[in-house]
**Student:** 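Sharing a structure below in structure tokens format, with a few things to ask.
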There are 2 protein chains.
Amino acid sequence: MTAPLHEARPAAPGRALPDTQQGMRRRNLARVMHTVSAEGPLSRAAVASRIGLTRAAVSTLVDELIRSGLLEELGPERPGRVGRPGSALAVSGHGPAGIGAEIGVDHLAVCAVDLRGEVRARAVRHGTNRGRAPEPVTRDLTALIRQVIAEADQQGLWPAGLAVAVPGLVARDGRTVVRAPNLDWHDTDLGALLPADLPLVVDNEANFGGLAELWLGEGTPRDFLHVSAEIGIGAAVVVDGRLLRGTRGFAGELGHVPVRPDGPGCACGGRGCLEQYAGEEAVLRAAGLSSAGDRVAVLADHAAEGDETVRRALREAGEALGIALTGAVNLLDPDCVVLGGALAGVGPWLLPSLREELARRTAGPACPVSVSELGSDGPLLGAAHSVVRGVLDDPAAVAERS
Amino acid sequence: MTAPLHEARPAAPGRALPDTQQGMRRRNLARVMHTVSAEGPLSRAAVASRIGLTRAAVSTLVDELIRSGLLEELGPERPGRVGRPGSALAVSGHGPAGIGAEIGVDHLAVCAVDLRGEVRARAVRHGTNRGRAPEPVTRDLTALIRQVIAEADQQGLWPAGLAVAVPGLVARDGRTVVRAPNLDWHDTDLGALLPADLPLVVDNEANFGGLAELWLGEGTPRDFLHVSAEIGIGAAVVVDGRLLRGTRGFAGELGHVPVRPDGPGCACGGRGCLEQYAGEEAVLRAAGLSSAGDRVAVLADHAAEGDETVRRALREAGEALGIALTGAVNLLDPDCVVLGGALAGVGPWLLPSLREELARRTAGPACPVSVSELGSDGPLLGAAHSVVRGVLDDPAAVAERS
DNA sequence: GCTATTTCGTCATGGCCGTTTACAAATTAG
DNA sequence: CTAATTTGTAAACGGCCATGACGAAATAGC
């Protein structure tokens, strides 16, 4: 295994790998895949000039990738330029696919994404998972996964791996859900409960949402903070295009950053954590809505209708977010902050006070805050794409398996 | 240039470099240097088994490094083991040296460190630089640098580069001091004021202090937060053995993390920033000491003598630090927090309240907080070592220059 | 003390891989 | 229709690491 380029998972902990010719080959195969994937149909010569190898070298790399079914020859280009036209290469729409899954509090979702980034199959199951035990939930999820894989199979796709987004903290082993308060799961090894015939990665939904933003977001920079609020408030910290996970995998716990150190006590042991002011439950309470059936959508509706109590609640949540983000921005100096998850839905009423607070507390130009365009699909897409990125990062490994 | 392994400076912003055989060779040369440097005298065979290459390959690499004067053959080992003894290799004590410099508020310091990590020459100049213009200060510093280089030269060392630690924010170009409040410098291009015949890197003293902790600290992990308080409170965020710099290079501004959002106004525009509670000036004021000549050493003395006002001031500073660090720990999930700089001197009176606050606000085991053993030399050593690491990271580049 | 064993460093050989050079193919410009 | 340009491929080349063999230098066992 060579070091992956995007590192959805951290690099091998031990010593750096030796540099041998095969490793070089693998990295160059990956470079070709990434280039073709990122910049659309490209001729061999175009790829060569982009990655700095000669046309001859790229030719042999491309041959190998075509033989493996990872690249496709689309046929001659028809350019207005002088000279022999190149033969357009594109990432294959058949072959390996990434299976992404999401365990939400109120739904399960699975999708298959091909190497081109297209969603080729999906399946959803609505219904609350709050308090359900892991076994029935994973049983349901497995059924959806089988269904999506079957559907993908009919289109000539085979599953290269499975990535699961969960609303909770995941250990760095990428399998164990350490704590998912809204599911009431603790130290649950999903590896033992999900299909064992696929490479599995489990991660926090905020992390996958952040990766989706990184990979799919229009103009998203390589250093940013992706804030995702469902019930807890999580953040994905993306540094130089890589996810910051922390030693235990718990990085990004924005919800428990102290906002008012003498504020109300929190389940985490602290006082005045952000979640007490901007968490879904807190906002619903402040807005005078019950937290039973009502959810964020309801908040947005009421706010849109001009309900002043709701608006004030959201304004105050924005202030609290602004305070917490001031700390985060001072510490991390990101390019921008992106609001995703349920927060995106109430963005219009949060943003003004959030931005104001952030600007007031910052010297110089304030860090720009925007709302994600990915909607609620972020974590699911991020999960599926993380598998796809894994294939692009080491095509040789996949070629061996196909 | 291959991508450096330690990346004191960020990797090339553009596309990843192509993988050619020369690049492979360069990386393997670097691997040999790092291995020998980190694990003391080693035979060729030992290096080979550690980096995963064959003895034959390592032999040619070592030959090249010896010819360049970067490695030395110490002669046959005398082990109790069976078999022909290897010939011990060590990093050369001659050849390239890293020149580190520190522009402190009250002093200037320069040192030369050889590839073995030994300090081979140093020079200090006491006297305040507060409010002095950049030109006279850099003139004094240049004199010290020349002196240290001359001293190093007599020992067979030549300067491979210059790294300067400054008490302020440095742009990502690694040359420009954007803001150094205690010097009253703004947008000062040190590249134009310091010797032009040496590769130059300028960085924040907290960053260099953090790198020193990473490279020199006993048992320091690869993910930690190094808090350094002189007048401002800065932090070096080290993630997976690399410094997190932020887009503009301003990451780690712990001093302006909001601790009490409605607290007193701060020069940064915010309210209740950490610096208002744990900054040197604030602590001195709370302790009832003038901030003129009195400094941290005085605080430590008074506290040691049992001055209850001083102790309370430090205790409260510790609390504020604990609150700010709770946020940082939640966001970054580091292995530990290390207190360096002037803070280290008053550690005994800060730590209890700091740790208590952090533990109280954290679910599960609290993040360990320790005091740096490097003392006030951290930034200077970190600077010099960053040059040395640069040589280890690309020995081929240095061999060409020697 | 002598021989077998183990480990080290080196050398010659071979294979892998990107580069260089050359060339045919396919297009545009004039 | 010719010249110029660009693409893709093939053959020769060179660099680099792996393999296998060998002499050198130590220990272990007799």
Side-chain angles (χ1 to χ4, degrees), chain A residues 2 16-32 35-36 41-67 71-90 395-396 399, chain B residues 2 16-32 35-36 41-67 71-90 395-396 399:
Chain A
T2 54
L17 298 159
D19 232 325
T20 168
Q21 292 149 128
Q22 293 122 57
M24 186 169 77
R25 183 79 177 171
R26 290 173 87 136
R27 281 188 299 276
N28 280 334
L29 287 169
R31 243 175 221 113
V32 171
T35 306
V36 175
L42 242 42
S43 68
R44 290 167 176 76
V47 172
S49 77
R50 260 156 247 247
I51 66 179
L53 295 178
T54 59
R55 297 199 309 270
V58 170
S59 258
T60 71
L61 291 164
V62 165
D63 283 353
E64 191 171 332
L65 291 168
I66 288 180
R67 274 200 309 279
L71 282 186
E72 275 177 7
E73 192 123 31
L74 297 184
E77 292 171 329
R78 274 227 155 272
R81 296 198 324 283
V82 62
R84 169 178 167 178
S87 179
L89 300 168
Chain B
T2 54
L17 298 159
D19 234 324
T20 169
Q21 293 151 130
Q22 292 124 56
M24 185 168 76
R25 182 78 176 171
R26 289 174 87 136
R27 282 188 299 276
N28 281 333
L29 287 168
R31 246 178 216 107
V32 171
T35 307
V36 175
L42 241 42
S43 69
R44 289 167 175 77
V47 172
S49 76
R50 261 157 246 246
I51 66 179
L53 295 178
T54 58
R55 297 199 308 270
V58 170
S59 260
T60 73
L61 291 165
V62 165
D63 282 354
E64 192 172 333
L65 291 168
I66 289 179
R67 273 200 310 278
L71 283 185
E72 276 177 6
E73 192 124 31
L74 297 182
E77 292 172 329
R78 273 223 158 275
R81 297 198 324 282
V82 62
R84 171 179 166 177
S87 179
L89 299 167

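A note on names: the letters A, B, ... follow the listed sequences, proteins ahead of strands, and every chain is numbered from 1. Model, not experiment: these values are computed from the prediction.
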**Student:** Figure out the CZ/C1' separation between A:R50 and D:dT7, and round it to whole Å.
**Tutor:** 15 Å

**Student:** How would you label the contact of B:R55 with the nucleic acid (heavy atoms, under 4.0 Å): base, sugar-phosphate, or nothing?
**Tutor:** base

**Student:** Calculate the interatomic distance between B:R26 atom CZ and D:dC16 atom C1'; express it in whole Å.
**Tutor:**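 Rounded to the whole Å, the gap is 15 Å.
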
**Student:** Give the rounded distance in Å between these two atoms: CD of A:E77 and C1' of C:dT28.
**Tutor:** 15 Å

**Student:** Under 4.0 angstrom, heavy atoms only, what part of the nucleic acid is A:R25 near: base, sugar-phosphate, or nothing?
**Tutor:** sugar-phosphate

**Student:** Closest approach to the side chain of A:Q21, judged atom by atom: which nucleotide of C:dT19, C:dT6, D:dC17 is it?
**Tutor:**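 Ranking C:dT19, C:dT6, D:dC17 by closest atom to the A:Q21 side chain puts D:dC17 first.
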
**Student:** Near DNA chain C, counting only heavy atoms under 4.0 Å, which residues of residues 56-66 of chain B show up?
**Tutor:**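 The stretch gives B:A56, B:S59 as the residues lying under 4.0 Å from the strand, ordered by number.
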
**Student:** Residues two or more places apart in sequence or in another chain: which of them pass salt bridge (charged side-chain N to carboxylate O under 4.0 Å, His left out) with A:R25?
**Tutor:** A:E64

**Student:** Calculate the interatomic distance between A:R81 atom CZ and D:dT7 atom P; express it in whole Å.
**Tutor:** 6 Å

**Student:** In whole Å, what is the span from the CG atom of A:L42 to the P atom of D:dT6?
**Tutor:**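 Distance check: A:L42 CG to D:dT6 P gives 16 Å.
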
**Student:** Nearest to the side chain of B:V82, which nucleotide is it out of C:dT6, C:dT27, D:dG8?
**Tutor:**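 From the listed options, C:dT6 comes nearest.
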
**Student:** Would you say the side chain of A:L61 lies within less than 4.5 Å of the side chain of A:L29, judging by non-hydrogen atoms?
**Tutor:** yes

**Student:** Tell me the interatomic distance from A:L53, atom CG, to D:dG8, atom P, rounded to whole angstroms.
**Tutor:**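 A:L53 atom CG is separated from D:dG8 atom P by 15 Å.
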
**Student:** Does the pair A:L53 and A:V32 meet the rule for a side chain to side chain contact (heavy atoms under 4.5 Å, CB included), with working shown?
**Tutor:** CA-CA 10 Å; A:L53 295 178; A:V32 171; 5.7 Å; no

**Student:** Within a strict 4.5 Å, meaning less than it, do heavy atoms of the A:D63 and A:R44 side chains meet?
**Tutor:**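 Yes - at least one pair of side-chain heavy atoms lies under 4.5 Å apart.
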
**Student:** Would you say the side chain of A:R84 and the base of C:dT27 hold a donor-acceptor pair, judged only by whether the two atoms sit under 3.5 Å apart?
**Tutor:**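 Result: no qualifying N/O pair found.
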
**Student:** Find which nucleotide of DNA chain C each of B:A45 and A:G83 is nearest to by heavy atoms, and output the residue with the more 5' nucleotide.
**Tutor:**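 The 5'-side residue here is B:A45.
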
**Student:** Under 4.0 Å, heavy atoms only, any strand: does B:T54 hit a base, just the sugar-phosphate, or nothing?
**Tutor:**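 Since a base atom lies under 4.0 Å of B:T54, the category is base.
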
**Student:** Should B:N28 be listed as having a side-chain N or O under 4.0 Å from OP1 or OP2 of D:dC17?
**Tutor:** yes

**Student:** Between A:L42 and A:T35, is there a side-chain heavy-atom distance shorter than 4.5 Å?
**Tutor:** yes

**Student:** Determine whether B:E73 and B:L89 make a side-chain contact, defined as any pair of heavy atoms from C-beta on separated by less than 4.5 Å.
**Tutor:** yes

**Student:** When the distance from CE of B:M24 to P of C:dG18 is rounded to whole Å, what number comes out?
**Tutor:**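 Nearest whole value for this atom pair: 9 Å.
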
**Student:** Taking it one step at a time, do B:V36 and B:L71 satisfy side chain to side chain contact (heavy atoms under 4.5 Å, CB included)?
**Tutor:** CA-CA 9 Å; B:V36 175; B:L71 283 185; 3.9 Å; yes

